[in-house]
**Q** 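The structure's right below; bear with me while I get my questions together.
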Amino acid sequence: MILVYSTFPNEEKALEIGRKLLEKRLIACFNAFEIRSGYWWKGEIVQDKEWAAIFKTTEEKEKELYEELRKLHPYETPAIFTLKVENVLTEYMNWLRESVL
Amino acid sequence: MILVYSTFPNEEKALEIGRKLLEKRLIACFNAFEIRSGYWWKGEIVQDKEWAAIFKTTEEKEKELYEELRKLHPYETPAIFTLKVENVLTEYMNWLRESVL
Amino acid sequence: MILVYSTFPNEEKALEIGRKLLEKRLIACFNAFEIRSGYWWKGEIVQDKEWAAIFKTTEEKEKELYEELRKLHPYETPAIFTLKVENVLTEYMNWLRESVL
């Protein structure tokens with residue numbers, strides 16, 4: 001199991017893309033939440049309201065998920081990265097696998 | 001040190017279970033926050049408001065924490081998984097160990 | 001790439017410290033969000049409103065980031081820990097490196 005993390009300009013875009021990834025069976029679940037961001041962009045510090053999303057899927061789906069997420073994403077250089085899950089409740093892992101077949 | 005992540009139907013349930021885990025010295029701390037979720041459930045895509053929680057503890061407590069969290073959790077198939085912490089401020093790690101003795 | 005996680009008493013302090021770390025080129029980006037916390041402190045369980053922040057940077061900056069964050073942080077024993085990023089979108093990694101030169 002892995003988590004793929006990304007950020008979006010607003011709630012609507014986060015939920016829209018999350019739903020599309022679910023429909024394509026690239027993820028089993030996502031959790032999105034409001035954030036305040038700060039970052040360097042073209043030589044300036046920008047502070048912004050965004051939405052983060054955590055996409056939960058299997059390692060086998062990672063490559064395809066990156067490609068689809070890159071295609072769907074509105075940003076020029078989106079944050080898309082993976083956190084490895086060390087352990088997971090067995091029944092949850094079984095459900096996760098069945099959800100991305 | 002590890003993080004154990006789970007999601008709950010609402011703030012009350014997240015805080016209630018978090019407090020019980022603290023009382024049983026299975027965790028040193030938790031951070032909970034509101035999320036918008038999407039997931040596959042019995043062949044349908046469901047979109048929901050939930051609360052996520054990050055439970056901070058030692059690797060030695062992981063097994064017991066999973067068992068207790070599974071027992072307390074209201075969901076049929078709860079998300080319960082572990083993220084490994086690579087490095088941690090020494091004084092925080094000392095405090096964490098003392099809090100789960 | 002790594003994530004360094006910490007918690008703060010409120011939004012202002014999270015954004016203030018985030019900005020200072022950006023100005024010192026110790027991080028490329030941060031995402032902060034409101035949380036409800038519970039923890040052991042001096043023999044009591046405390047429940048609080050806080051703000052969490054995720055600081056995104058390179059492994060080379062980790063040590064210096066810990067030192068600066070420890071210096072700036074208002075807490076006696078702040079949570080400061082690192083999560084390892086397994087994979088990251090290449091263009092985002094390039095941007096991240098350039099932002100912390």
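Every heavy atom of this structure was used, including side-chain atoms; hydrogens, water molecules and symmetry mates were not. Naming convention: chains lettered A, B, ... in sequence-line order (proteins, then strands); numbering from 1 in each chain.
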**Q** Could you please show the donor-acceptor pairs under 3.5 angstrom between chain C and chain A, with distances rounded to 0.1 Å?
**A**
unit_1: C/Glu11; atom_1: OE2; unit_2: A/Arg36; atom_2: NH1; d: 2.6
unit_1: C/Arg19; atom_1: NH1; unit_2: A/Gln47; atom_2: OE1; d: 3.1
unit_1: C/Leu22; atom_1: O; unit_2: A/Trp40; atom_2: NE1; d: 3.0
unit_1: C/Ala28; atom_1: O; unit_2: A/Trp40; atom_2: N; d: 3.3
unit_1: C/Phe30; atom_1: N; unit_2: A/Gly38; atom_2: O; d: 2.8
unit_1: C/Phe30; atom_1: O; unit_2: A/Gly38; atom_2: N; d: 3.1
unit_1: C/Asn31; atom_1: OD1; unit_2: A/Tyr5; atom_2: OH; d: 2.7
unit_1: C/Asn31; atom_1: ND2; unit_2: A/Ser37; atom_2: OG; d: 2.9
unit_1: C/Ala32; atom_1: N; unit_2: A/Arg36; atom_2: O; d: 2.7
unit_1: C/Ala32; atom_1: O; unit_2: A/Arg36; atom_2: N; d: 2.8
unit_1: C/Glu86; atom_1: N; unit_2: A/Thr82; atom_2: O; d: 2.7
unit_1: C/Asn87; atom_1: O; unit_2: A/Tyr66; atom_2: OH; d: 3.2
unit_1: C/Asn87; atom_1: O; unit_2: A/Thr82; atom_2: N; d: 2.8
unit_1: C/Asn87; atom_1: ND2; unit_2: A/Glu62; atom_2: OE1; d: 3.1
unit_1: C/Asn87; atom_1: ND2; unit_2: A/Glu62; atom_2: OE2; d: 2.9
unit_1: C/Leu89; atom_1: N; unit_2: A/Ile80; atom_2: O; d: 2.9
unit_1: C/Glu91; atom_1: OE2; unit_2: A/Arg70; atom_2: NE; d: 2.9
unit_1: C/Glu91; atom_1: OE2; unit_2: A/Arg70; atom_2: NH2; d: 3.0
unit_1: C/Trp95; atom_1: NE1; unit_2: A/Trp40; atom_2: O; d: 3.2

**Q** Which atoms of C/Met1 come close to chain A, meaning under 4.5 Å heavy atom to heavy atom: side chain ones, backbone ones, both, or neither?
**A** side chain
**Q** Between C/Leu3 and chain A, with a heavy-atom cut-off of 4.5 Å, which part of the residue counts as in contact: side chain, backbone, both or neither?
**A** side chain
**Q** Considering only heavy atoms, which portion of C/Ile54 lies under 4.5 Å from any heavy atom of chain A: side chain, backbone, both, or neither?
**A** side chain
**Q** For C/Ala32, is it the side chain, the backbone, both or neither that has a heavy atom under 4.5 Å from a heavy atom of chain A?
**A** both
**Q** Between C/Val85, C/Leu96, C/Val100, which shows the greatest number of heavy-atom pairs under 4.5 Å with chain A?
**A** C/Val85
**Q** Is it the side chain or the backbone of A/Ala79 that comes within 4.5 Å of chain C heavy atoms, both, or neither?
**A** both
**Q** Are C/Val88 and A/Ile80 packed together at the side-chain level, in the sense that at least one heavy-atom pair is separated by less than 4.5 angstrom?
**A** no
